[in-house]
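One structure is given below, encoded as structure tokens.
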Amino acid sequence: MSAATTPKRMRGLGFLYQRGDVWWVCYSVRGKRYRESSESTNHAVGVKLLKDKITAVRNGKPVGPDVDKATLGELVQMLTDEYKANGRRESVIVSPLAHLKEYFGEHQRAIDITSDRVTAYITARQAKGAANSTINRSLAALKRAFVLGQRAGKVSSRPYIAMLEENNARQGFLSHAEFERLRDVLPDDLKDPVSFLYHSGWRVSEMRALEWRDVDLDGRAVRLRPENSKSKAGRVLPLRGELSEIIDRAKAVRIPECPFVFHRFGRAVGLFRKSWATACTAAGLGAMLVHDLRRTAVRNLIRAGVSEKTAMSVTGHKTRAIFDRYDIVTEDDMATAIERVGTHLSAQPKTPANVVPLRAGGEKLPALRADAKTERTFVVVPVAKAQEG
């Protein structure tokens, strides 16, 4: 072995050696030997690489020739595979991931996606008019992809990714009179599906997936299966009043070969944005979202005196924070609150019963005494004097 290729051993760290003019490092992790090129002819570069690898081993970080060579595309595939394995809807991450790949490039090394580049991505998306909530969906997907990559030993570290503040609580909701106007101008095959959303507070996807096997006609209840719930938690909805009548009407027009409770031409209710927009315009409501029916249902439950815990069970909200975003307080609510305060105050006594007014006409004023605890001053009036007054 020539002097140029003789290993340069560094006690406790492994060793360096040359292949041609390039320095290579050799080190062991749990009995497995790794060899990596420093891609440099400079001995100092090789020493630094070796020290970095040994430090990573001691800190429990993944090491090896394949670490930090993973691309964004590989991490994205790992995230997609996780969604498939857990039975989650892949459609919710398609658009967020597409924006990431468009900006960074699918073949971009993941390790080169640093915090400052993530900030630049945020700025670029905002410049195109993307809402913070939309950008956050991409950031959340990127964070999860890096976590999976680190667990698999594909990346040694992940960038700090701060989520943006979201100020996007929607303000649209319908009064009962507005809903009735809207329902009356909807196509006949959408009247009951939309009415079900208004009275139940269910998500559109949950309404679409409702099948007759989920309906207990004798027990007057419908059951949402966990696999059809966004939160992956099933729940029961009692059928009373209008909800009961909606299901009865659906049963009357049931098609034997169609498993869905609500259908259009024998198929599950699909997207009906055009019909919805046309009906909103005809009802004089302007631009409304179908999702506004869910928030309206929350408001109706609370204003009907239903406890928040029960209301959350009906609508399927798992966290109080999200539930609160749906329970929007309007100017009418605040005006009602102020009027109630005014009514309450006007009903209070004008003068406390235990206060004796001071006499005029130069009569000697009663003694004053201070209460050290309440820091209030009281008028001390003899009992006999008070009775004469």
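- At a threshold of 4.5 Å between side-chain heavy atoms, the hydrophobic network of Ile, Leu, Val, Met, Phe, Trp and Tyr places Phe179 and Phe272 in one connected group.
- Two residues are said to be in side-chain contact when any heavy atoms from C-beta on lie closer than 4.5 Å; Arg158 and Val147 meet this criterion.
- The cluster map of Ile, Leu, Val, Met, Phe, Trp and Tyr, joined by side-chain heavy atoms under 4.5 Å apart, puts Val298 and Leu197 in different clusters.
- In this structure, Arg35 forms no cation-pi arrangement with Trp24, as its terminal cationic atom is not both closer than 6.0 Å to the ring centre and no more than 45° off the ring axis.
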Determine, step by step, whether Arg151 and Glu82 satisfy the salt bridge (charged side-chain N to carboxylate O under 4.0 Å, His left out) criterion, reporting the C-alpha distance in whole Å, the side-chain angles of both residues, the deciding distance to 0.1 Å, and the verdict.
CA-CA 13 Å; Arg151 287 180 182 175; Glu82 184 191 49; 5.2 Å; no
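- Between Asp116 and Thr114, the side chains place a donor N or O and an acceptor N or O closer than 3.5 Å (distance only, hydrogens not considered).
- For the atom pair NE2 of His263 and CG of Asp189, the computed distance is 9.0 Å after rounding to the nearest 0.5 Å.
- Under the 30°/60° scheme for interplanar angles, the aromatic rings of Phe262 and Phe196 are found to be tilted.
- Put simply, the side chain of Pro238 does not reach to within 4.5 Å of the side chain of Arg220, judged on heavy atoms.
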Stepwise side-chain contact (heavy atoms from CB on, under 4.5 Å) test for Leu142 and Leu72
CA-CA 9 Å; Leu142 184 62; Leu72 175 63; 4.0 Å; yes
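- Taking hydrophobic clusters as Ile, Leu, Val, Met, Phe, Trp and Tyr residues chained together by side-chain heavy-atom distances below 4.5 Å, Leu243 shares a cluster with Trp212.
- With rounding to the nearest 0.5 angstrom, the OG1 atom of Thr71 is 9.0 Å from the CD1 atom of Ile113.
- Nearest heavy-atom pair across Leu49 and Ser37 is CD2-O, 3.7 Å.
- Of all heavy-atom pairs spanning Trp276 and Met288, the tightest one is NE1-O, 2.9 Å.
- For the residue pair Arg235 and Trp202, the shortest heavy atom distance occurs at NH2-CD1, 3.5 Å.
- Residues Val194 and Tyr198 fail the side-chain proximity criterion, which asks for heavy atoms closer than 4.5 Å.
- Side chain of Ser38 to main chain of Val45: no donor-acceptor pair is present (N/O by atom type, distance under 3.5 Å, no hydrogens or angles).
- Interatomic distance, Leu182 CG to Leu186 CG, rounded to the nearest 0.5 Å: 4.5 Å.
- By the neighbour-count criterion of 12 heavy atoms within 6.0 Å, atom CD of Glu39 is sparsely surrounded, having that number or fewer from other residues, nucleotides or ligands.
- Residues Val306 and Leu237 are members of one and the same hydrophobic cluster, defined by side-chain heavy-atom contacts under 4.5 angstrom among Ile, Leu, Val, Met, Phe, Trp and Tyr.
- Looking only at atom types and distance, the side chain of Ser195 has no donor-acceptor partner in the side chain of Arg183 under 3.5 Å away.
- Ile93 is not listed as a side-chain neighbour of Arg144, based on a closest heavy-atom distance of 4.5 Å or more.
- A salt bridge links Asp188 to Lys191: at least one charged side-chain nitrogen sits closer than 4.0 Å to a carboxylate oxygen.
- Between the CG atom in Leu148 and the OG1 atom in Thr80 there is a gap of 10.0 Å [rounded to 0.5 Å].
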Donor-acceptor contacts, no H, no angles, side chain residues 95-106, under 3.5 Å, sequence neighbours left out:
none

Start with the C-alpha distance between Asp81 and Gln77, add both sets of side-chain angles, then the distance that settles side-chain contact (heavy atoms from CB on, under 4.5 Å), and finish with yes or no.
CA-CA 6 Å; Asp81 290 343; Gln77 186 59 51; 2.9 Å; yes
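- A donor-acceptor distance shorter than 3.5 angstrom exists from the side chain of Arg208 to the backbone of Val269, with no hydrogens or angles considered.
- Atom CE of Met163 sits about 10.0 Å away from atom OG of Ser133, to the nearest 0.5 Å.
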Worked check of side-chain contact (heavy atoms from CB on, under 4.5 Å) between Leu164 and Gln126:
CA-CA 11 Å; Leu164 301 174; Gln126 290 175 331; 3.9 Å; yes
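- With rounding to the nearest 0.5 Å, the separation of CG in Leu174 from CG in Asn300 is 9.5 Å.
- Comment: Asp292 does not engage Arg299 in a salt bridge, judged by the lack of any side-chain N to carboxylate O separation of less than 4.0 angstrom.
- No side-chain heavy atom of Glu74 sits less than 4.5 Å from a side-chain heavy atom of Met78.
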Can you check side-chain contact (heavy atoms from CB on, under 4.5 Å) on Cys258 and Arg267, steps first, answer last?
CA-CA 7 Å; Cys258 178; Arg267 297 181 179 181; over 6 Å; no
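- Looking only at side-chain heavy atoms (C-beta outward), Arg125 and Ser138 come within less than 4.5 Å of each other.
- Of the possible donor and acceptor atoms, none in the side chain of Trp23 sits under 3.5 Å from a partner among the backbone N and O of Gln18.
- When side chains are defined from C-beta on, Arg294 does not count as touching Leu289, because their heavy atoms never get closer than 4.5 Å.
- Scanning both residues, Asn42 and Ser40, for their nearest heavy atoms gives N-OG, 3.0 Å.
- Put simply, the side chain of Arg254 never gets that close to the backbone of Val261: no donor and acceptor are under 3.5 Å apart.
- Counting only heavy atoms from C-beta outward, the side chains of Leu139 and Ile122 approach each other to under 4.5 Å.
- Cluster membership check: Ile246 shares its hydrophobic cluster with Leu217, using side-chain heavy-atom separations under 4.5 Å among Ile, Leu, Val, Met, Phe, Trp and Tyr.
- With 3.5 Å as the limit, one finds no donor-acceptor pair spanning the side chains of Arg117 and Tyr121.
- Residues Ser157 and Gln150 share a closest heavy-atom pair of CA-NE2, 3.5 Å.
- Asp214 and Leu210 get closest at one heavy-atom pair: CB-CD1, 3.7 Å.
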